[in-house]
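Here's the structure, in structure tokens; my notes come after.
Chain identifiers are assigned alphabetically (A, B, ...) following the order of the sequence lines, protein sequences preceding nucleic acid strands; residue numbering begins at 1 within each chain. Keep in mind the model is a prediction, meaning the values are calculated, not measured.
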Number of protein chains: 2
Amino acid sequence: MIHGNSTVTAAPADPAHGDCRKVSRVLARLGDKWSVLIVMLLGDGPRRFNEIRRMVGGISQRMLTLTLRGLERDGMVTRTVYPTIPPRVEYALTAQGHSLREPVQALGQWALDHMDDIDAAQAAFDARQP
Amino acid sequence: MIHGNSTVTAAPADPAHGDCRKVSRVLARLGDKWSVLIVMLLGDGPRRFNEIRRMVGGISQRMLTLTLRGLERDGMVTRTVYPTIPPRVEYALTAQGHSLREPVQALGQWALDHMDDIDAAQAAFDARQP
DNA sequence: CTGCATCCACCAGGATACTG
DNA sequence: CAGTATCCTGGTGGATGCAG
């Protein structure tokens, strides 16, 4: 990563940070606008398409489809189609998807714990810079 | 977040996920292309501008400036200018920045642990979809 | 209900040149 | 060395309409 797929002429960073590239690939995956939100939401159990849509609130149909496809591709969720009428599609976390919840929760907890400090820091910074 | 700054007509999600919005604000911050990389890199100690630039490898001058400004604004790093010639500017993690390393490491570890599974899942998925 | 296709706006982010 | 300023491109993501 980092260079996209472009040719890396030489290892630019010190060896210890070699895996950082791989890590940030995953980070980029989770870092998009909706993935984490959906993973956490599915942690409570399988949901249907529009059910997720309503729960997330504010996501477009298109992005929900794309995000779910991405998560499915990464083996984080399964997509189960029940050939009824009307069609019913359920999305559920895989074991891997579930395992992701823990570290994400940790980060989420951190976010909650430091939210106020961050807001304060931002306000202070903005006050210094007109 | 999620709605950007648009008016939220009604709470769209169940109450339990109320803070998820706040969390994803932080996630969006960390989810950009470079922030996490830089935070982890600064974990080893303070670094100078071009030092970071070289270590990260592949980041443009512009983006490094913007990323560092963002992190500074959020109270994650400090920026210290030594009025020497040539100028010397050091960036260092704040206490808050340091505290972030732990949950990020956890996520990074998860990424490392599941990298192979993810790649496999992707390959399998792509094989199904020509 | 669950999507895909299309069109389009926006902005993250790279390249380059210039300054203190 | 450590930035700022400007230009430009690609991708992200919203809105809408159509289909199974």
### Message
Need one value for Arg62(B): base, sugar-phosphate or nothing, where a base atom within 4.0 Å counts as base even if backbone is also close, heavy atoms only.
### Response
base
### Message
Using the side-chain heavy atoms of Phe49(B), tell me which of these nucleotides is nearest: dG14(D), dG14(C), dA2(D).
### Response
dA2(D)
### Query
Is any side-chain heavy atom of His98(B) less than 4.5 Å from a side-chain heavy atom of Arg101(B)?
yes
### Message
Both Pro87(A) and Val81(B) contact DNA chain D. Taking the nearest nucleotide for each, which residue is further toward the 5' end?
### Response
Val81(B)
### Task
Give one of base, sugar-phosphate or nothing for Arg69(B), where a contact means two heavy atoms less than 4.0 Å apart.
sugar-phosphate
### Query
Thr65(B) versus Phe49(B): any side-chain heavy-atom pair under 4.5 Å?
yes
### Atom pair distance, as rounded to whole Å: CG in Leu66(A) and P in dG14(D)
10 Å
### Task
Ignoring backbone atoms, test whether Tyr91(B) places a side-chain nitrogen or oxygen under 4.0 Å from the OP1 or OP2 oxygen of dG3(D).
yes
### Task
State whether the side chain of Arg47(A) and the backbone N or O of Tyr91(A) hold a donor-acceptor pair below 3.5 Å, judged by distance alone.
no
#### Entry: Sugar-phosphate, base or nothing in reach of Arg79(B), heavy atoms under 4.0 Å
sugar-phosphate
#### Entry: Nearest to side-chain heavy atoms of Val89(A), which nucleotide of dT2(C), dA2(D), dT6(C)
dT2(C)
### Query
Is the side chain of Gln96(A) donor-acceptor paired with the backbone N or O of Gly75(A) at a distance under 3.5 Å, no angle test?
yes
### Task
Look at the side chain of Arg48(A) and decide which nucleotide, out of dG14(D), dA2(D), dT2(C), has an atom nearest to it.
dT2(C)
